[in-house]
Amino acid sequence: MPELPEVETVKKALEKVLIHHKIVATNTYIDKMRYSVDSLHDVKLNSEIIAFRRRGRYIIVELDSNQCYIIHLGMSGSMRVVVDNEPRKKHEHVLISLDNGMSWRFDCPRRFGFMVLEQLHERGNEPLILAKLGIEPFDEKFTGGYLYKKIHKRKVKIKTLLMDNSIVVGVGNIYVNEVLFQCQISPYRTADSISKKECELLVKNIKEILARAIEAGGTTIADFKGVDGEEGKFVQELLVYGKHGENCPVCRNEIIKEVIGSRSAFYCKKCQK
DNA sequence: AGAGATACCTGGGAGC
DNA sequence: TGCTCCCAGGTATCTC
């Protein structure tokens, strides 16, 4: 389940092996994942890969043809770069051949992810698909004050709101549970009950937990692996996610799992108020 | 417009 | 062991 730290890990790994190589062929083996893959065939041949960016959970790969790939790994997507004649795996839906005999592949069993090609009208322009995204968690403008302003009139539960990527991007279900536990805030609190001070605390912990997860190469729950097949190590640091029935590491009370906004919430009733 | 629910998809785990 | 059922997740899209 790639969240922002996983996506950052994948982006860095891809950049290392793909930068400055040229696209020589595109093969697709499926009509669509979340979106149609047709646009991938519009890539200008021999375009050079010149830059990698990440925006939220999206990876943007810029080409010197003024085109860019926009990639979302969905929940089970992964990338690998192998020699061209390596047999295709069952769910490798997109194979892009490079000028060095390597093959860049998108494996996406559940088809929640996508890969499309867009035009960049002016270099650096935000592709349309990303226009509605909220602030990056590591942006210095992402402060307690910013968060408070965005949420203090909202009636929706804080857990749901922190996962809303029009507020802040990259906080998915794993990390929101960890963040709320660290802040000792119940996932059931409505956003308008969160004080300015608690917003400061939330922002501080979002930044810290995401940074630590990036450091560890992401979290492996079931599906995520980095480009090199290495598993992320942050799973070892999770305190509440997936720990229902176990004891709270702080007070030894039982960690509870309940559904909030149709997603699993893991929390400690005693520690989180 | 805000809030909440649901569809999308398939591997894997639980339960029988 | 083999079968069926259900859950996991981010995002888009729907209704109220």
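Note on naming: letters A, B, ... go to the chains in the order of the sequence lines (proteins, then strands), and numbering restarts at 1 for each one.
Counting non-hydrogen atoms under 4.0 angstrom, A:K257 reaches the backbone sugars and phosphates but no base. Counting any heavy atom pair closer than 4.0 Å across all strands shown, A:M33 reaches no nucleic acid atom. Among the heavy atoms of the strands, none lies under 4.0 Å from A:T160.
No side-chain donor-acceptor contact under 3.5 Å links A:H91 and A:D107. Checked by atom type, the side-chain pair A:E198/A:Y148 shows no donor-acceptor distance below 3.5 Å. Between the side chains of A:N66 and A:K44, no donor N or O sits under 3.5 Å from an acceptor N or O. Side-chain atoms of A:H41 and A:T28 include a donor-acceptor pair closer than 3.5 Å.
Nucleotide B:dA3 holds its C1' atom 16 Å from the CD1 atom of A:I151, rounded to whole Å. The distance from atom CG of A:L162 to atom P of C:dT11 is 14 Å, rounded to the nearest whole Å. The interatomic distance linking A:M163 (CE) with B:dG4 (P) rounds to 14 Å, in whole Å. At whole-Å resolution of the value, OH in A:Y35 and C1' in B:dC9 are 15 Å apart. When rounded to the nearest whole Å, the span between NZ of A:K89 and P of B:dG11 equals 13 Å. The distance from atom OH of A:Y241 to atom P of C:dC7 is 14 Å, rounded to the nearest whole Å. Put simply, NE2 on A:H72 is 11 Å from C1' on C:dA12, counting in whole angstrom units. When the P atom of C:dA12 is taken as reference, atom CG of A:D164 falls 11 Å away, rounded to whole Å.
For A:Y58 and A:H72, the distance between ring centers is under 6.0 angstrom.
For the pair A:H91 and B:dC9, the criterion of a side-chain N or O lying under 4.0 Å from OP1 or OP2 is not met. Taking 4.0 angstrom as the limit, A:N165 places none of its side-chain polar atoms (N or O) nearer than this to OP1 or OP2 of C:dG10.
Between A:R154 and A:P109, the residue anchored nearer the 5' end of DNA chain B, judged by the nucleotide with its closest heavy atom, is A:R154.
In this model, a side-chain donor or acceptor of A:R263 finds a partner on the base of C:dG10 within 3.5 Å. Judged by distance alone, with hydrogens and angles left aside, A:R110 brings a side-chain donor or acceptor within reach of the base of C:dA8, the pair sitting under 3.5 Å.
Distances from the side chain of A:V156 to the nucleotides C:dA12, B:dC9, B:dG4 place B:dG4 closest. Ranking B:dC9, B:dA3, B:dT6 by closeness to the A:S262 side chain, first place goes to B:dT6. Residue A:S264 has its side chain nearest to C:dA8 when only C:dG10, B:dG4, C:dA8 are considered. With distances taken from any side-chain atom of A:F112 to the nucleotides B:dG11, C:dG10, C:dT11, the minimum falls on C:dG10.
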